[in-house]
Structures are given as structure tokens and as C-alpha cells.
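Reviewing the structure listed below.
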Number of protein chains: 2
Amino acid sequence: MTIGRTLDSDPIEEARRQWIERGWESAADGMAAVTSIVRAQQIVLQRIDTALRPFDLTFARYEILTLLSFTKRGSLPMTRMGALLQVHPTSVTSAVDRLESQGLVERLPHPTDRRAVLASITDTGRARALAATAALNGQVFEQLGITEHQINQLRTVLRALRANAGDF
Amino acid sequence: MTIGRTLDSDPIEEARRQWIERGWESAADGMAAVTSIVRAQQIVLQRIDTALRPFDLTFARYEILTLLSFTKRGSLPMTRMGALLQVHPTSVTSAVDRLESQGLVERLPHPTDRRAVLASITDTGRARALAATAALNGQVFEQLGITEHQINQLRTVLRALRANAGDF
DNA sequence: TCCGGAAGGATTGATATCCTAATATCTGTC
DNA sequence: GACAGATATTAGGATATCAATCCTTCCGGA
């Protein structure tokens, strides 16, 4: 004997039931999965922003800084960063603008191609990237609240989705 | 005998290797999972935006419209929508602003609480929501490019993550 | 060889969205 | 009747995208 209003108050499951009720069964699970992805991203991004706030960084700028710190010379052409991080050229420009004004990155002319610009990480930038990574590791990446097994399922499934979308 | 640069060109796996190389093993899988979520959201949101463009809707506005079409009276207080869709009050205000200017929703005074405002879907709004859902179902939700089993794994794991974050 | 157009790289400006903070109004309770 | 809390909005800052622009490089044909 169940009550009309189920105890399950997950809004995504509720939406899925609505989908089935309206005859959209073949899309219901996909809808629920997509909505879950969107919501999960909101959750993790909010945690990331909170962890990064003391360092005056957004996730986009953090990614750029960390990418640069991983390279041999500490510098990359703007376009190459956009390609690696999958962001638009204009976003790279504005993010580097801000990083430059913060003294974490500087723009250098490309040695051989006068069209291109190198973004180069400064010593301050390296230190900031390290400290921010420590915060993210401790406050976000090690605290997802799901099991190691689930984390690996997530990686595997989303890797398939990304591959299918032509990401790599 | 392997070459220095592995054939696996997935940037997220590459980042994970860097994490391990630097001694952040305990955070490496979580980092990869989080980055995968962020990237997967970019991918599906881009597809959603493409599918919704002919209807002059963003995903946020589509969600509001569909939520309203699911209610008995076709109307809800602003705050209630924000709570159900997990978006900030200001986002609800601006989204309803736009929906109202498009003639898809109208603002009505709350019958008993003069503080509150009801957003009410119009007939045009209902028709738009239906057409947009058909497009999303066919072009996105049924075309994720992963197996039904993987879709359900995704739902389950992300449900755990959301529950753990206090979502429901 | 040279020259002219196609393509690449980066930026700017315009637009839309989201978030934070502050504000105005209203409700309900002590 | 005063005051804490709820509801919605406005204003401002940050970010992402799109289109257009400027400069540079590349390449094929005269």
C-alpha cells in the first residue's frame, strides 16, 4: 500500500516519471542522465569555486595556470591552450587578460610566428597553482562522496560519451 | 617498448597521469571524474542549445516552461520554481523576464500572498514546450552515444553524488 | 620570383547568462 | 505594534559565445 505521492523526492526521478507518463519512454532515461550531468556539474563547480575563492581564481583560469605549469618551458601559444582545454579563443584571451593583470601569467611574442602569442606562467603563478591544487585536492577531488568504484564507473562512462562526441 | 608520448590522447587521462606523477595519487581519480563531469556537461549543453535554438529557448528557460506545463494549473510561485530546478532566485527572475517578453509565460499576482508572484504558462508557451521537448528527445536524449546500461550507471552514480550533496 | 588571395592567430565589441550583494515590499509572530 | 524572515527585484561584476576585424603566414599561379 503506497501513497499517491511517492517518498522519493528526487526531482530528476520525478521528471523521468513524467516523461514515461507522457509516452516519451524511449527518451526518459537519456533525459534523466543528461539532467543529472547538468546538475552534478553545478554541484562540483560550486565546490570548486568555493575552494578557489581564497586564491582569486576561477576554474577556467585555474586550468590554464595548471596546464602551463605542466609544460617544460611554462609557456604555450594561446590557440594551443584553447585546443587542449576545449575552450573558445575569446575565452582564452579574456582569461589570460585577467591572469596577466593578476601577475600570474605574462604574454610573450612567439619566437618564430609573429601572429602567435605565448602565455607564460610567472613564479607567482606557479606558487598560486600549487596552493590552489592542494586546496582542490583536499576539499573537492578527495571528497566526492561516492565510492572509488563509482568514481571509476563515472570516468569510464563519461570517457565513452566524450569519445563519441569526437573529443579525442 | 613505448614511446614517451603515449598514444592515448585523452586530455583528461593525460591530466590524471600528471597528478599521479606529482604524488597526488589519492586525488587523481576524483580529479579525472570531476573534469569529466565538467566536460560532459559542456558537450550535452552544446547539443541542447543547438536543438533549442529554433525555438528561441535556452535550457534554463526550457526547464521552467516544461516544469510549468507539468503542473495542474500551469502556474507556480517564482521561489518554488527556483527550489525545484535548483537555480538562484535572480536567475528565475531574469528567465521569466525573457519568457514573458516572448509571450510564453505571464506573471500573475499570488491569490493570498501579496509578496509572491505566480509565473503562469500561456497556450503559446505550452505549444512551444511540447515542440521543444520533441526536438530534445529526438536530437539529444535518444542520441547520447552510450549504451542503455551505461546511461543507467550514470544515473545511479550521479544520483548518489547529488544525494550526498544534499540535493534531495 | 613575386604577388594576390586564402587561411591562421588573436583581439574587440555586442549580447546573454549567472552569481553576489543590496534593496523594497510583504507576512507572521511575539 | 515592532521586528525577524520570506519574496522578488535591481544593480554590478564575471564569464561564455558570436560576429567582425586586424595582422601575419602560407601557397598556388602568372
Side-chain angles (χ1 to χ4, degrees), chain A residues 38-39 41-65 75-102 105-120, chain B residues 38-39 41-50 52-53 55-65 75-102 105-120:
Chain A
V38 172
R39 178 61 191 148
Q41 191 259 8
Q42 288 176 350
I43 290 170
V44 298
L45 210 57
Q46 184 169 337
R47 288 191 199 165
I48 288 172
D49 283 340
T50 301
L52 289 181
R53 182 154 310 136
F55 305 99
D56 225 334
L57 290 175
T58 62
F59 190 50
R61 298 207 298 273
Y62 166 78
E63 278 190 300
I64 287 180
L65 217 48
S75 64
L76 282 175
M78 307 280 282
T79 303
R80 179 119 183 80
M81 292 197 295
L84 289 173
L85 299 176
Q86 326 252 22
V87 299
H88 281 246
T90 56
S91 301
V92 177
T93 294
S94 67
V96 170
D97 279 352
R98 181 154 289 268
L99 287 169
E100 196 171 25
S101 77
Q102 291 176 290
V105 152
E106 53 186 359
R107 280 182 164 88
L108 299 178
H110 191 288
T112 64
D113 187 339
R114 270 190 295 174
R115 293 171 301 182
V117 174
L118 292 182
S120 175
Chain B
V38 172
R39 179 60 191 149
Q41 191 260 8
Q42 288 177 350
I43 290 170
V44 298
L45 210 57
Q46 184 169 336
R47 288 190 199 166
I48 288 172
D49 284 340
T50 301
L52 289 181
R53 183 153 309 138
F55 305 100
D56 224 334
L57 290 175
T58 63
F59 190 50
R61 297 206 300 273
Y62 166 79
E63 277 190 301
I64 288 181
L65 218 49
S75 64
L76 282 176
M78 308 279 281
T79 303
R80 180 118 183 80
M81 292 197 296
L84 290 173
L85 299 176
Q86 326 254 21
V87 300
H88 281 247
T90 56
S91 302
V92 177
T93 294
S94 67
V96 170
D97 278 352
R98 182 156 287 268
L99 287 168
E100 196 171 23
S101 77
Q102 291 177 289
V105 151
E106 53 185 2
R107 279 182 165 89
L108 300 177
H110 191 288
T112 64
D113 188 337
R114 271 189 295 176
R115 291 171 302 184
V117 173
L118 292 183
S120 174

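Naming convention: chains lettered A, B, ... in sequence-line order (proteins, then strands); numbering from 1 in each chain.
Contact between the side-chain N/O atoms of A/Ser94 and the OP1/OP2 oxygens of D/dT15 is not found at any separation under 4.0 Å. Here A/Arg114 reaches the OP1 or OP2 of D/dT25: one of its side-chain N or O atoms lies under 4.0 Å away. For D/dT17, neither phosphate oxygen OP1 nor OP2 lies less than 4.0 angstrom from any side-chain nitrogen or oxygen of A/Thr90. For the pair B/Arg80 and D/dA6, the criterion of a side-chain N or O lying under 4.0 Å from OP1 or OP2 is not met. Listed pair A/Arg98 / D/dA14 meets the phosphate criterion, a side-chain N or O lying under 4.0 Å from OP1 or OP2. A sub-4.0 Å separation between OP1 or OP2 of C/dC19 and a side-chain N or O of B/Ser91 is present.
Taking atom CD of A/Glu63 as the reference point, atom P of D/dA16 lies 10 Å away to the nearest angstrom. Atom CZ in B/Arg115 sits about 6 Å away from atom C1' in D/dT7, given to the nearest Å. The distance between atom CZ of B/Arg47 and atom P of D/dT17, rounded to the nearest whole Å, is 16 Å. Rounded to whole Å, the distance from CD on B/Gln102 to C1' on C/dA16 is 12 Å. Between the P atom of D/dT17 and the CZ atom of B/Arg53 lies a distance of 11 Å, rounded to the nearest Å. Computed from coordinates, the A/Ile48 CD1 to D/dT15 C1' distance equals 15 Å when rounded to whole Å. Across the protein-nucleic acid pair, B/His88 atom NE2 and D/dT10 atom C1' stand 17 Å apart, rounded to whole Å. Summarising the geometry, the separation between CD on A/Gln42 and C1' on C/dC19 is reported as 12 Å, rounded to the nearest angstrom.
A distance of 8.5 Å separates CG in B/Leu65 from CD in B/Gln102, rounded to the nearest 0.5 Å. With rounding to the nearest 0.5 Å, the separation of CD1 in B/Ile43 from CD1 in B/Ile48 is 12.0 Å.
The two residues B/Asp49 and B/Phe59 make their nearest non-hydrogen contact at OD1-N, 4.2 Å. Closest approach of B/Met78 to B/Ala119, counting heavy atoms only: SD-CB, 4.3 Å.
Backbone-only contact: B/Asp113 has heavy atoms under 4.0 Å from sugar-phosphate atoms and none from a base. Across all strands, B/Ala95 comes closer than 4.0 Å to no nucleic acid atom at all (heavy-atom distances).
Both B/Thr58 and A/Leu118 lie close to DNA chain C; mapped to their nearest nucleotides by heavy-atom distance, the more 5′-ward contact belongs to A/Leu118.
A/Asp97 and A/Arg107 are joined by a salt bridge, as a carboxylate oxygen and a charged side-chain nitrogen come within less than 4.0 angstrom of each other.
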